[in-house]
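Let me begin by presenting the structure, written as structure tokens, before commenting on it.
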There are 2 protein chains.
Amino acid sequence: MPTAILAHAESRPGGTSTGKGASLQQINISHESTDSTPVTVREHELVFAEGDAAHQRYDIVDGAVMLFRVLPDGRRQLVELLGPGDMFGLTCASEYDCSAETLVATRLRVSHRLDCSQVPAAICRMCGQLQKKVAELHEHSVVLGRKSAMEKVVSFLLRLASMDTGRRANGHVRLAMTRQEMADYLGLTIETVSRSLSELRRRGLIVFEKADWFHIPDAEAMESLSGDR
Amino acid sequence: MPTAILAHAESRPGGTSTGKGASLQQINISHESTDSTPVTVREHELVFAEGDAAHQRYDIVDGAVMLFRVLPDGRRQLVELLGPGDMFGLTCASEYDCSAETLVATRLRVSHRLDCSQVPAAICRMCGQLQKKVAELHEHSVVLGRKSAMEKVVSFLLRLASMDTGRRANGHVRLAMTRQEMADYLGLTIETVSRSLSELRRRGLIVFEKADWFHIPDAEAMESLSGDR
DNA sequence: CGAAAAGTTGATGGCTTTCAAGTCGTGTGG
DNA sequence: CCACACGACTTGAAAGCCATCAACTTTTCG
């Protein structure tokens, strides 16, 4: 596993993102760690990168931070804007799902992840649910903000398919939504959704049986249309 | 305070939303309440509406639920799609920030909101942060999915202004982001952001001093351009 | 002062929406 | 059983909004 910075530098070469002076900051912060004296981070420095091991949580004392994700072709979507009193890096996953960069000089309090072992299970479960929601909403922000109509529809169908995977052994997926609902989820019109589905059907990338059941013969091909590869 | 159903029926007359057979379900659920026997809700029924008092949390046993928000002119944005094992209605606010409707027949376990009084403060604070994030991401989904470029920019400036309110007595707000960052937040290009700002400046709706400080002379007028009125 | 970055403005094109007919599918009633 | 009606979906044509491409201006900073 490369360090945060290297991982970032390698994986997003063409990114619209930060670019410039790299981001040595993170390592420093990592080892300074868990007391309550704030760390100061200069303007436009990376705090952590998407994919980094999620060892810390951060508390903004003052300043401002943006969280963002970048698609492989460089399209970037900011998913959160944070200020004093806000926390970030709260994830139940082992890696951060997005990158964090300061907008202005910022003081951060760094702490270890909480472990839920002595917390009532109900609370713990709720936190997990909330963290999952946040991650999914980040993902959805990228879809809404930065993907084309076809990419949106493809991403949606792949998500449905992966949700159903495990439940249904064969790859047949129930599309239990009207076109209007799909459109309202993806920020499109009903006609655009319909046209996208028709084209996918024409190209053999999805196959419908019984109107609201479909399957994906070639997941590779679909993924190449999702904007995520 | 009207009941959930009435509130919904009144407040969103032109909505693209559910429309049809109304949503008596909610009241029933409300009073059946907090045991562990699941309640069954038929397809396309409203569980609760945006603005309803947030007394319950819901656990999906099986089925599927969508959470959505509707702008005053009827534009709708689905903000979450949920399935078995997912929870919803988790908010720290007193009212739900979006409506919940079943996609298919669904069994729900209903429970009261947890109170945080006997939970460690650190955990409680984290839950609060996560709930706030979820609410903000819902709001941002509406912006990304359903608003025009001008509405996006106006909504963003109003949000900045309201964040800074309290900190700065005069209405002067720091715009500590580049055009590229604003564009990447709003799902636009740098040129479109620039054009929108120029038009707002031309129309006297925002006034810049010192390049990254501005103020809003007429908040009413701005709000009427945000899509939220 | 000069160069580079950030921002603005104009012209053009394309993707998605809008408007308008269609077709399909399902449930009802003759 | 079939005709009909209604809603959901599909398809086409045209318009509009925003992205793209291309200068140009302003600001920043060495």
Side-chain angles (χ1 to χ4, degrees), chain A residues 16-21 42-44 71 73-77 103-104 143-154 156-157 174-203 206 208-214 225 227, chain B residues 16-21 43-44 71 73-77 103-104 143-154 156-157 175-203 206 208-214 225 227:
Chain A
T16 311
S17 73
T18 150
K20 60 177 75 169
R42 295 195 304 273
E43 183 172 323
H44 284 117
L71 291 173
D73 64 0
R75 283 175 287 180
R76 183 175 75 161
Q77 178 66 47
L103 285 166
V104 297
V143 172
L144 289 175
R146 287 305 184 203
K147 289 192 177 180
S148 71
M150 180 58 83
E151 287 171 336
K152 286 178 176 182
V153 171
V154 169
F156 172 74
L157 296 176
R174 169 99 190 271
L175 183 56
M177 291 171 75
T178 65
R179 296 288 182 272
Q180 186 65 62
E181 286 158 353
M182 290 180 59
D184 287 347
Y185 185 59
L186 297 173
L188 298 171
T189 61
I190 188 176
E191 294 94 334
T192 300
V193 170
S194 184
R195 274 185 256 270
S196 301
L197 289 173
S198 294
E199 184 173 338
L200 289 171
R201 196 157 12 90
R202 231 177 289 126
R203 291 166 59 175
I206 57 176
F208 273 92
E209 45 258 344
K210 283 200 60 198
D212 66 344
W213 286 87
F214 72 98
L225 294 179
Chain B
T16 313
S17 71
T18 149
K20 58 177 76 168
E43 184 172 320
H44 284 118
L71 291 173
D73 65 359
R75 284 174 286 180
R76 183 174 73 162
Q77 177 65 49
L103 286 165
V104 298
V143 172
L144 289 175
R146 286 305 183 205
K147 289 192 177 181
S148 71
M150 181 58 82
E151 287 171 335
K152 286 177 175 181
V153 171
V154 169
F156 172 73
L157 295 177
L175 182 56
M177 292 173 72
T178 65
R179 297 288 181 272
Q180 185 65 62
E181 285 158 355
M182 290 179 59
D184 287 348
Y185 185 59
L186 297 173
L188 298 171
T189 60
I190 186 176
E191 293 95 334
T192 300
V193 171
S194 184
R195 273 185 256 271
S196 302
L197 289 173
S198 294
E199 184 174 338
L200 289 171
R201 198 156 11 91
R202 230 176 291 127
R203 292 167 58 175
I206 56 176
F208 273 92
E209 45 257 347
K210 280 203 60 194
D212 66 344
W213 285 87
F214 72 97
L225 294 179

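In this text, all values refer to a predicted model and were calculated from it rather than measured experimentally. Within every chain, numbering begins at 1; the chains are lettered A, B, ... in the order of the sequence lines, protein sequences first and strands thereafter.
With A:Glu199 contributing its side chain and A:Ser196 its backbone, the two residues share no donor-acceptor pair below 3.5 Å.
The nearest pair of heavy atoms linking B:Ile190 to B:Arg179 is CG1-CB, 3.6 Å.
With rounding to whole Å, A:Leu188 atom CG is found 8 Å from C:dT16 atom C1'. A straight line from CG of B:Asp212 to P of C:dG7 spans 10 Å, rounded to a whole angstrom. A straight line from CG of A:Leu175 to C1' of D:dA8 spans 13 Å, rounded to a whole angstrom. Rounded to whole Å, atom P of D:dC17 lies 18 Å from atom NZ of B:Lys147. If you take CG of A:Asp184 and C1' of D:dC9, they are 15 Å apart, rounded to a whole angstrom. In this structure, A:Arg195 atom CZ and D:dA8 atom P are separated by 19 Å, rounded to whole Å. With rounding to whole Å, B:Glu191 atom CD is found 10 Å from C:dG7 atom C1'. Taking atom CD of residue B:Glu181 and atom P of nucleotide C:dA5, one finds them 16 Å apart after rounding to whole Å.
Nearest-nucleotide positions on DNA chain D for A:Arg146 and A:Ile190 put A:Ile190 closer to the 5' end. Nucleotides of DNA chain C nearest to A:Ala211 and A:Thr192 differ in position, and the one nearer the 5' end is that of A:Thr192.
Using a 4.5 Å heavy-atom threshold, the side chains of A:Leu71 and A:Lys147 count as touching.
The listed nucleotides are C:dG7, D:dC9, C:dT16; the one nearest the side chain of B:Ser194 is C:dG7. Across C:dT8, D:dT11, D:dC18, the shortest atom-to-atom separation from the side chain of B:Arg201 is found for C:dT8.
The NZ atom of B:Lys210 sits 7.0 Å away from atom CG of B:Asp212, with the distance rounded to the nearest 0.5 Å.
Nucleic acid contact class of B:Thr189 (heavy atoms, under 4.0 Å, all strands): base.
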